[in-house]
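Okay, so here's the structure we're looking at.
Just so we're clear, the structure is a prediction, and the values are computed from it rather than from any experiment.
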Amino acid sequence: MKLKSNKYTRIIPVLLFKDGRIVKSTNFDFHQSVGNPFVQVERYNQWNLDELIYLNISDNKKDFYFNLDYSTTSSTASKKNKKIQKINVLHFVKKLSYFCRMPLTFGGGIQSVEMARKILKSGADKISLNTAAFKNPKLIRDCSIEFGSQSVVISIDVKKIKGQYLVFIENGSLNTKVKINEWIKIVQEMGAGEVLINSIDHDGIGKGFDFSLCSQILKNSNIPIIIMGGAGHSSHFSKIIKELNPSAVAAANIFQFTENSYYEIKQHLIKKKIKIRNYN
Amino acid sequence: MKNKIGVVNYKFGNTKSLLDALKSIDIKFKLINNSKDFSDTTHIILPGIGTFGQCINELRKKNMEQSLNHEIFKKRKFFLGICVGFQLMFNSSDENNSVKGLSWFPEKIEKMSKNYLLPHIGWNKVISNQKSSLFKNISQNSFFYFLHSYCLRKSKKKIIVSNCTYDKKFISSIEFENLHGVQFHPEKSQKSGLILLKNFSNL
């Protein structure tokens with residue numbers, strides 16, 4: 001039986017963080033630096049977001065060199081510059097959550113219940129698991145028992161290969177050859193609270209969401225599904241919500257590159273009579 | 001006298017978000033780790049995350065129940081319970097039938113309908129009594145952030161100040177004399193939540 005849920009669709013910006021900077025990604029391949037990790041969160045907080053997802057895709061996920069001065073990029077600046085400091089991921093989450101008056105999901109490099117606990121204690125409301133959960137599905141169960149399923153988001157990267165949607169791990173670089181629906185079934189059984197689906201094929205293209213992927217997943221799941229990958233225009237949001245009604249729709253680039261985009265997308269959805277959280 | 005909020009600090013409160021929110025609107029606060037810490041506070045917030053049983057047991061382990069009763073009923077300090085901290089103000093909960101809550105009110109916290117996805121998570125519209133002191137300057141039908149599977153369905157009418165609907169209508173906040181409680185998370189409810197916290201701190 002399909003369970004009923006919250007009738008207000010959430011619109012969730014995603015920030016991708018790599019080695020000290022917020023980056024833009026296209027098909028998971030190309031990462032272009034677009035800004036400072038704290039300034040972006042502060043700006044987003046002022047936008048009155050429904051929620052924020054912050055994914056750490058750095059190679060070293062525990063410590064990174066980071067310019068606390070905000071102004072220059074850490075990748076180009078010398079590490080001898082005393083403004084460049086090594087910052088631990090927990091300290092980083094503490095700083096991030098300081099700006100967040102909205103639910104914050106943090107993911108990237110969480111491989112144990114202990115690490116998850118530290119991230120949540122540092123101020124995240126939910127943790128997102130991807131590769132580690134795939135390699136050890138028991139981690140999902142352990143985390144959901146320990147923190148409640150509402151704090152456990154399973155992030156899944158999907159690519160279409162010969163007509164089949166397959167799960168990719170390690171930041172989208174490794175094909176597990178497991179079909180998406182098989183993995184979602186396990187994830188649900190293990191007690192995940194939500195699933196974030198990111199289409200590698202549609203990532204960063206801006207041509208709209210992957211409808212066939214989305215409808216296939218929604219048919220086979222009974223936990224909240226967040227759809228991501230491909231948003232480039234307000235109409236992409238209204239179309240997928242009207243036709244398929246996922247629990248939430250997420251995007252990265254459109255919110256970073258288009259001024260006022262969050263507000264405009266919400267205005268567009270209200271005009272289309274879609275039930276969302278409005279501002280009053 | 002300047003108002004100062006004591007935030008009860010125990011294992012099952014997600015206190016960091018709350019403290020960050022209080023900081024962002026310049027509200028004076030301190031953490032309450034034991035009963036002595038209450039001395040210079042005028043207001044008390046009891047957060048709560050986890051189960052009803054876990055939370056009340058942890059409070060009792062820290063000998064907080066007696067001091068809370070003393071601060072609230074003898075010293076008449078303003079109290080705000082958030083989420084499970086709100087549920088603890090009642091007698092009991094379907095979540096852990098073997099334990100009693102702080103029992104300031106006689107009602108029981110009930111499990112929400114199993115035909116709906118639980119927990120009830122996300123933003124939902126709150127219909128508030130406009131005379132309420134907590135909802136001052138917050139417009140009708142404002143959205144607040146919820147995260148819970150148990151709720152208060154029935155109560156004495158005069159203490160109810162807001163309602164919300166998920167599976168069915170439930171009570172999203174109460175006020176009675178110096179006691180206040182909200183089922184949602186004001187610290188995660190953007191501007192509306194900050195106004196509510198400000199209203200509480202100005203009581």
Side-chain angles (χ1 to χ4, degrees), chain A residues 1-12 42 44-52 90 93-104 117 119-126 144-153 193-194 221-226 247-248 275-280, chain B residues 11-25 49-51 54 83-84 95 112-126 128 137-149 164-168 184-197:
Chain A
M1 186 186 64
K2 196 111 183 134
L3 294 172
K4 294 173 202 156
S5 67
N6 200 326
K7 49 191 185 288
Y8 302 102
T9 311
R10 292 166 288 159
I11 308 298
I12 310 177
E42 229 182 321
Y44 277 7
N45 189 56
Q46 281 159 8
W47 287 5
N48 212 339
L49 302 186
D50 293 343
E51 221 171 304
L52 177 66
L90 297 176
V93 175
K94 275 183 200 160
K95 280 183 85 101
L96 276 186
S97 62
Y98 179 73
F99 298 110
C100 282
R101 298 289 84 75
M102 63 220 164
L104 169 69
R117 187 195 316 281
I119 297 280
L120 291 169
K121 272 219 132 169
S122 302
D125 298 277
K126 310 179 198 178
S144 65
I145 289 173
E146 195 67 21
F147 315 115
S149 60
Q150 78 284 343
S151 299
V152 184
V153 180
E194 282 181 286
S221 60
N222 53 25
I223 56 174
I225 301 288
I226 306 164
S247 190
K275 281 196 165 175
I276 50 158
R277 162 180 167 259
N278 54 9
Y279 317 124
N280 14 41
Chain B
K11 205 167 134 199
F12 295 102
N14 184 11
T15 43
K16 186 182 180 292
S17 313
L18 179 61
L19 303 186
D20 286 343
L22 295 176
K23 265 182 226 164
S24 77
I25 46 175
I49 277 184
T51 68
Q54 278 173 339
C83 196
V84 183
E95 192 169 20
M112 299 173 94
S113 164
K114 60 181 190 322
N115 297 332
Y116 278 70
L117 268 175
L118 293 179
H120 168 217
I121 180 169
W123 297 90
N124 211 336
K125 238 182 225 177
V126 166
S128 56
N137 299 329
I138 295 174
S139 39
Q140 191 56 277
N141 293 326
S142 282
F143 280 76
F144 285 88
Y145 188 76
F146 287 86
L147 178 47
H148 62 124
S149 302
C164 177
T165 302
Y166 185 56
D167 52 345
K168 287 186 289 189
F184 48 80
H185 288 270
E187 74 278 17
K188 284 285 164 185
S189 295
Q190 294 276 19
K191 281 163 197 157
S192 310
L194 295 180
I195 298 174
L196 187 136
L197 289 172

Out of curiosity, B:Lys16 NZ to A:Leu120 CG, how far, rounded to the nearest 0.5 Å? 12.0 Å

Got B:Ser17 and A:Cys100 here, is their nearest side-chain heavy-atom distance under 4.5 Å? no

Taking the side chain as every heavy atom from C-beta outward, state whether A:Lys126 and B:Ile121 have any atom pair closer than 4.5 Å. yes

For the atom pair CZ (B:Phe143) and CZ (A:Arg277), what is the distance rounded to the nearest 0.5 Å? 8.0 Å

Donor-acceptor under 3.5 Å (B:Lys188 side chain, A:Met102 main chain): yes

Between A:Gly193, A:Gly148, A:Ser122, who has the most heavy-atom pairs with chain B when the cutoff is under 4.5 Å? A:Ser122

Tell me, for B:Tyr166 versus chain A, whether the close heavy atoms (under 4.5 Å) come from the side chain, the backbone, both or neither. side chain

Where on A:Ser149 is there a heavy atom nearer than 4.5 Å to chain B: the side chain, the backbone, both, or neither? side chain

Name the region of A:Gln46, side chain, backbone, both or neither, that has any atom closer than 4.5 Å to a heavy atom of chain B. backbone

Closest heavy-atom pair, A:Tyr8 versus B:Asn124, reported as atoms and distance to 0.1 Å, is CE1-OD1, 3.3 Å

Side chain, backbone, both or neither: which part of B:Leu194 has a non-hydrogen atom closer than 4.5 Å to chain A? side chain

Contacting region of A:Ile276 [heavy-atom separation from chain B under 4.5 Å]: backbone

Given a strict heavy-atom distance threshold of 4.5 Å, which part of A:Lys94 is in contact with chain B: side chain, backbone, both, or neither? both

For chain B, which candidate among A:Gln150, A:Arg10, A:Arg101 shows the most heavy-atom pairs at distances under 4.5 Å? A:Arg101

Please determine whether the number of non-hydrogen atoms from other residues, nucleotides or ligands lying under 6.0 Å from atom NZ of A:Lys7 exceeds 12. yes

What's the separation between atom NZ in A:Lys95 and atom CG in B:Asp20, rounded to the nearest 0.5 Å? 12.0 Å

Distance-minimising heavy-atom pair for A:Ile223 and B:Leu117: CA-CD2, 4.2 Å

Side chain to side chain contact (heavy atoms under 4.5 Å, CB included) for B:Gln190 and A:Asp50? Distances and angles first, verdict last. CA-CA 9 Å; B:Gln190 294 276 19; A:Asp50 293 343; over 6 Å; no

